[in-house]
Amino acid sequence: MWGMTETHVNTVANSPASAANNRPLGTPMGKHPTRVLFLGSGELGKEVTIELMRLGAWVCAADSYAGAPAQQVAHEYRVLDMANAAQLQALFDEVEPDIIVPEVEAIATDVLAGAAAAGAQVVPSAEIAAICMDRERLRVLAHEELGLPTTPYRFAGSLEELRAGAAEVGYPCVVKPVMSSSGHGQSVVRTADAIDAAWIEAQEGRRAADEGDVSRVIVEALAPLERELTVLTVSSSAGIVTCAPIGQRQESGDYRESWQPATEPNGEAERAQEIARAAVEGLVARAQKAGETGWGVFGVELFVLTDGSILFNEVSPRPHDTGMVTMASQRLSEFALHARAILGLPITPAHVALSLPNGAVAASHAIVVEGDGEAEFTNVAEALAEPGTDLRIFAKPEVHGHRRMAVALAIGGDEADARAKAERVADALKIDVR
């Protein structure tokens, strides 16, 4: 059955995991609330915030701007530069969180590690957060330590090293900064005469590009890719379980559609789940060795090649944007699973099972808005007139350029039907930017 795989990870009595297993809930405004601090307050954090509040936790949502989606529903919010160590430490000193939930990658990781050392539960752990935002550390762990299959790759700290690395892995190849997200700084390089431009693109598109230092890059062979999968993998006090694989479509490195369950022939779904579970097991073992829980949802990204082989790509140590489809496909969405896991509640195979009619598929369709100003949605009644459809409007304050502002959800008789229904919801909306 989909999602019915499980691994138990040992926890030690009187460890942080044991202490986090029985947090007080139900008195968020009382004397002894469980205090949760979000670092990043986007649409994914908003859904987790709602789930935590349903379970009686107190939530503060922090971000770099006011009015972020999670800030609109949390008990309190703060605005700061989370990459600024002094500002982040001041936030921790003020809020005194029991649990810290990083939802973005631009965070002062040394301060995060200090909070964990001082007794806060960092989700899933301070070390995992640092590893997963660094492609070099993550790839070394996944391939060289855990033995997971990946594309051939090399790392480079200079243009000369990049040229040599590209020659070794061969053309065409892909060049990425070791620290970036959503396709920023990434280039597909088809010939050697384009490698210098890829180096420049990686330096300009990386995280903290304005700090003046040089970013290391990864260069990897361009695999004969047929499709991409996400396997949501949950680490909790009950062990590690995997959800049904999620299919996806991207544009320029950003998610545009996802569907669950993805149709994977010849045992590919099981192989995908095995790779995802192995990756998370390796990360959680590192966390628990350091005395942290390692609990939470992980979005493991995989490549399926034209010959049917499956390769590990990356892992996000938090709910995944493609996983928004679980708001239609599972009784407990990835957001509910994340909330439960980090509060120490057990997640078993039954908790991650699909809740769809036999043979049905759920789909999500990202709604990206272009313009400059506030985005106003109308014609919602017509958009949601078709049975089996739903909509989440993120209520972000403004859009400048292009920005994901909502997601359409649908359940259909098969993948094509579900994707078409979700697209019809998106197309029926009228969105004015003013």
Identify which one of L356, V361, I246 satisfies the side chain to side chain contact (heavy atoms under 4.5 Å, CB included) criterion when paired with Q260. I246

E398 versus H400, side-chain donor and acceptor atoms under 3.5 Å: yes

Any idea which heavy atoms bring A278 and L148 closest together, and the distance? CB-CD2, 3.8 Å

State whether R419 and E415 are salt-bridged, where the test is any N-O pair (Lys NZ or Arg NE/NH1/NH2 against Asp/Glu carboxylate O) under 4.0 Å. yes

May I ask you to test the V217-L162 pair for a side-chain heavy-atom distance under 4.5 Å? yes

Donor-acceptor contact present, side-chain S329 to main-chain V325, <3.5 Å: yes

Work out which heavy atom in G45 is nearest to a heavy atom in A70; give both atom names and the distance. C-CB, 3.8 Å

Pairing of R271 and E274 as salt bridge, 4.0 angstrom limit: no

With F155, which residues qualify under ring pair (Phe, Tyr, Trp, His ring centres under 6.0 Å), at least two apart? Y153

Main-chain N/O of S355 paired to Q330 side chain as donor or acceptor, under 3.5 Å: no

Are E292 and V122 packed together at the side-chain level, in the sense that at least one heavy-atom pair is separated by less than 4.5 angstrom? yes

Going by the salt bridge (charged side-chain N to carboxylate O under 4.0 Å, His left out) test, name the single residue among R216, R154, K176 that passes it with E136. R216

Can E374 and K396 be counted as an ion pair, charged N to O under 4.0 angstrom? no

Spell out, as yes or no, whether a donor-acceptor pair under 3.5 Å connects the side chain of E161 to the backbone of G157. yes

To check you understand the geometry: which heavy-atom pair defines the closest contact between A116 and A126, and what is its length? CB-CB, 4.0 Å

Out of the candidates R404, R403, R392, only one should pair with E43 under the salt bridge (charged side-chain N to carboxylate O under 4.0 Å, His left out) rule; please name it. R404

So I367 and L429, side chain to side chain contact (heavy atoms under 4.5 Å, CB included) or not? Walk me through it. CA-CA 10 Å; I367 298 169; L429 293 167; 3.5 Å; yes

F335 side chain reached by I50 side chain, heavy atoms, under 4.5 Å: no

Residues T34, L343; criterion side chain to side chain contact (heavy atoms under 4.5 Å, CB included); working and verdict: CA-CA 9 Å; T34 290; L343 290 175; 4.3 Å; yes

dist W295:CH2 -> S125:OG (nearest 0.5 Å) comes out at 13.0 Å

Checking side-chain polar atoms at under 3.5 Å, does E257 have a donor or acceptor matched by the opposite partner on S364? no

Treating H338 as the side-chain partner and V297 as the backbone partner, does any N or O pair qualify as donor plus acceptor under 3.5 Å? yes

With a 4.0 Å cut-off, would you call E268 and R227 a salt bridge? yes

Report yes if the side chains of C173 and L222 come closer than 4.5 Å at any heavy-atom pair, otherwise no. no

Pairwise side-chain contact, I342 with V101, heavy-atom cut-off 4.5 Å (strictly under): yes

Main-chain N/O of Q71 paired with S41 side-chain donor or acceptor, under 3.5 Å: no

Can you see which heavy atom on A406 is nearest to which on L391, and at what distance? CB-CD1, 4.3 Å

Quick check for you: to the nearest 0.5 Å, what is the distance between L52 atom CG and L25 atom CG? 9.0 Å

Rounded to the nearest 0.5 angstrom, the CG-OG distance for L39 and S64 is 11.5 Å

Quick one, M82 with V104, criterion side chain to side chain contact (heavy atoms under 4.5 Å, CB included). Give me CA distance, side-chain angles, the key distance, then yes/no. CA-CA 9 Å; M82 293 171 290; V104 297; 3.8 Å; yes

Looking only at heavy atoms, the pair that brings F298 and S235 closest together is CE1-CB, 4.0 Å

Looking just at side-chain N and O atoms, do Q203 and E201 make a donor-acceptor pair shorter than 3.5 Å? no

Using atom types as modelled and distance alone, determine if a side-chain donor or acceptor of S236 lies under 3.5 Å from a backbone N or O of A238. yes

Is the shortest side-chain N to carboxylate O distance from E220 to R139 below 4.0 Å? yes

Does OH belonging to Y77 count more than 12 external heavy atoms closer than 6.0 Å? no

Could you walk me through whether T233 and T242 pass the side chain to side chain donor-acceptor pair (under 3.5 Å) check? CA-CA 4 Å; T233 305; T242 56; 5.8 Å; no

Decide side chain to side chain donor-acceptor pair (under 3.5 Å) for Q248 and T230; before the verdict, give the C-alpha distance in whole Å, the side-chain angles of both, and the deciding distance to 0.1 Å. CA-CA 8 Å; Q248 59 178 284; T230 302; 2.8 Å; yes

For the pair K46 (side chain) and A395 (backbone), establish whether a donor and an acceptor sit closer than 3.5 Å, ignoring hydrogens and angles. no

Between atom CD1 of I131 and atom OG1 of T109, what is the distance when rounded to the nearest 0.5 Å? 11.5 Å

Decide yes or no for V48 and R318: does some side-chain heavy atom of the first lie under 4.5 Å from some side-chain heavy atom of the second? no

What are the two closest heavy atoms between G247 and L229, and how far apart are they? CA-CD2, 4.2 Å

Applying side chain to side chain contact (heavy atoms under 4.5 Å, CB included), run through E370 and V433 and close with a yes or a no. CA-CA 8 Å; E370 296 187 10; V433 180; over 6 Å; no

Enter the distance from L37:CG to I99:CD1 here, rounded to the nearest 0.5 Å. 10.5 Å

From CD (E103) to CZ (F38), nearest 0.5 Å: 5.5 Å

Does the side chain of H320 pick up a donor-acceptor pair with the side chain of E301 at under 3.5 Å? yes

Side-chain heavy-atom pair D417, K421 within 4.5 angstrom cut-off: yes

Whether H143 side chain and V140 backbone form a donor-acceptor pair below 3.5 Å: no

Is the backbone of A422 close enough, under 3.5 Å, to the side chain of H365 for a donor and an acceptor to pair up by distance? no

Counting C-beta onward and ignoring hydrogens, is there a side-chain heavy-atom pair between S333 and M324 closer than 4.5 Å? no

